[in-house]
Amino acid sequence: MITLSLGPLALPVQPLLLIACAFAAMLIARWLTPAGTDAAGEPLPRTRAADALFQAVAVGLVASRIGHVALYADLYAAHPIAAIDIRDGGWHAPTGLVAGLALLAWRARRQRDWWRPLGVATAAGLLAWAGIGYALQRSAPSELPALALTDLATGQAVQLRDAARGRPVVLNLWATWCGPCRVEMPALAVSERAHPRVLFVFANQGEPADRVRRYLQTERLDLRHVWLDPRGQTAAAVASRGLPTTVIYDAQGLRVAAHL
């Protein structure tokens, strides 16, 4: 499952899962932290350990983004503003994990009564995040779907698996009314030209052929495989109701990545 549908909204599952696990970990830390007093004998709030955990999550997220940008510095150098545009989903989890744990260790270095609550809460949060995330990944459709859509160029039905013919596939779900779809479309067009051995399929969701043609002509987009999906079969097959969604399959037809 890539998205969680709430009425007309389609929310990405992975960020929601991270928020839920972090919130649960902070509740555990607050519950396990013993009531203490400062040097003047005044009671200390039980939320201080939970606050440290919140700060660690925030620092970890920033560090993981910096790690990702550093890893692909040559690509971001051409468009520096993209480094702060987190919609691309670029995070380097190991960097964020190390930074977050380092901050926790530093905050707890003189607070021995924090060691147990922070340790238990952090372990519980990380295990829940990893375990539920793995279960969600395993539950998502893993094979290239057997779809029959309509080729915009010919008006004929075309089978996705037949068109793939043992090639890697980039399956993009989009619509002309979708702002982020319009923003990323030129980059996908460049990628299609740069990787001729990969099948790029642009599955338009629920729009008539004339509207799609008019958009492509207006934007001067030369895409090889624009297919029409009036009933939203593709969204159901990849378990994502949000646009744009891009799913990548290897040459054996197995899903290797998905991005909302």
Side-chain angles (χ1 to χ4, degrees), residues 1-13 79 81-82 85-89 140-251 253 255-260:
M1 182 168 60
I2 301 174
T3 62
L4 177 66
S5 297
L6 295 177
L9 298 178
L11 304 176
V13 168
H79 304 282
I81 194 65
D85 188 352
I86 61 174
R87 291 177 301 174
D88 64 16
S142 60
E143 295 183 351
L144 186 66
L147 294 173
L149 304 178
T150 302
D151 191 326
L152 178 67
T154 65
Q156 301 296 315
V158 59
Q159 296 285 340
L160 177 57
R161 290 184 178 178
D162 291 343
R165 293 192 300 275
R167 292 181 290 171
V169 176
V170 175
L171 179 60
N172 178 252
L173 284 65
W174 70 288
T176 63
W177 51 262
C178 165
C181 300
R182 299 168 70 102
V183 170
E184 72 176 13
M185 192 69 74
L188 289 171
V190 171
S191 296
E192 183 184 43
R193 292 193 295 271
H195 301 280
R197 296 184 179 181
V198 178
L199 174 64
F200 283 75
V201 174
F202 300 90
N204 179 271
Q205 301 297 288
E207 295 185 295
D210 58 343
R211 183 181 302 170
V212 177
R213 287 196 191 94
R214 188 162 55 249
Y215 166 75
L216 296 176
Q217 291 170 359
T218 301
E219 298 298 324
R220 298 181 180 179
L221 290 170
D222 183 19
L223 305 175
R224 295 189 183 95
H225 303 285
V226 178
W227 297 355
L228 303 178
D229 181 9
R231 298 193 302 274
Q233 301 176 67
T234 314
V238 302
S240 176
R241 295 292 178 181
L243 298 179
T245 290
T246 302
V247 188
I248 301 174
Y249 300 88
D250 63 17
R255 192 179 83 163
V256 295
H259 176 60
L260 172 65

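Note that the coordinates shown come from a computational prediction; the quantities given were computed from them, not determined experimentally.
- Sorted by first and then second residue, the ring pair (Phe, Tyr, Trp, His ring centres under 6.0 Å) pairs involving residues 143-195 (not counting sequence neighbours) are Trp174-Tyr215.
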Name each donor-acceptor pair under 3.5 Å that joins a side chain in residues 242-251 to protein atoms two or more places apart or in another chain, with its distance.
| unit_1 | atom_1 | unit_2 | atom_2 | d |
| --- | --- | --- | --- | --- |
| Thr245 | OG1 | Ser240 | OG | 2.7 |
| Thr245 | OG1 | Gly242 | O | 2.6 |
| Thr246 | OG1 | Asn172 | ND2 | 2.9 |
| Asp250 | OD1 | Gln252 | N | 3.0 |
| Asp250 | OD1 | Gly253 | N | 3.1 |
| Asp250 | OD1 | Leu254 | N | 2.9 |

In a table with atom names and distances, give each donor-acceptor pair under 3.5 Å that connects a side chain of residues 162-169 to protein atoms at least two apart or in another chain.
| unit_1 | atom_1 | unit_2 | atom_2 | d |
| --- | --- | --- | --- | --- |
| Arg167 | NE | Ala164 | O | 3.2 |
| Arg167 | NH2 | Ala163 | O | 2.7 |

Show me the donor-acceptor pairs, under 3.5 Å and distance only, between side chains in residues 144-160 and residues at least two apart or in other chains.
| unit_1 | atom_1 | unit_2 | atom_2 | d |
| --- | --- | --- | --- | --- |
| Asp151 | OD1 | Ala153 | N | 2.8 |
| Thr154 | OG1 | Gln156 | N | 3.2 |

Distance-only donor-acceptor hits, side chain of residues 205-212, under 3.5 Å, sequence neighbours excluded:
| unit_1 | atom_1 | unit_2 | atom_2 | d |
| --- | --- | --- | --- | --- |
| Gln205 | NE2 | Ala203 | O | 3.1 |
| Gln205 | NE2 | Asp229 | OD2 | 3.2 |
| Glu207 | OE1 | Thr176 | N | 2.8 |
| Glu207 | OE1 | Thr176 | OG1 | 3.2 |
| Glu207 | OE1 | Asn204 | ND2 | 2.8 |
| Glu207 | OE2 | Thr176 | OG1 | 2.5 |

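- For CZ of Arg224, the number of neighbouring non-hydrogen atoms (other residues, nucleotides, ligands) closer than 6.0 Å is greater than 12.
- Note that CG of Leu173 is 11.5 Å distant from CZ of Phe202, once rounded to the nearest 0.5 Å.
- Summarising the geometry, atom OG1 belonging to Thr218 is positioned 13.5 Å from atom CZ belonging to Arg213; distances are rounded to the nearest 0.5 Å.
- Closest approach of Ala189 and Leu221 over heavy atoms only: CB-CD2, 4.4 Å.
- Applying the salt bridge (charged side-chain N to carboxylate O under 4.0 Å, His left out) test to residues at least two apart or on different chains, the pairs with a partner in residues 169-185 are Arg182-Glu219.
- Distance check: Met185 CE to Leu216 CG gives 7.0 Å after rounding to the nearest 0.5 Å.
- Between His225 and Trp227, the ring planes are perpendicular. Angles over 60° get that label, and only those under 30° would be called parallel.
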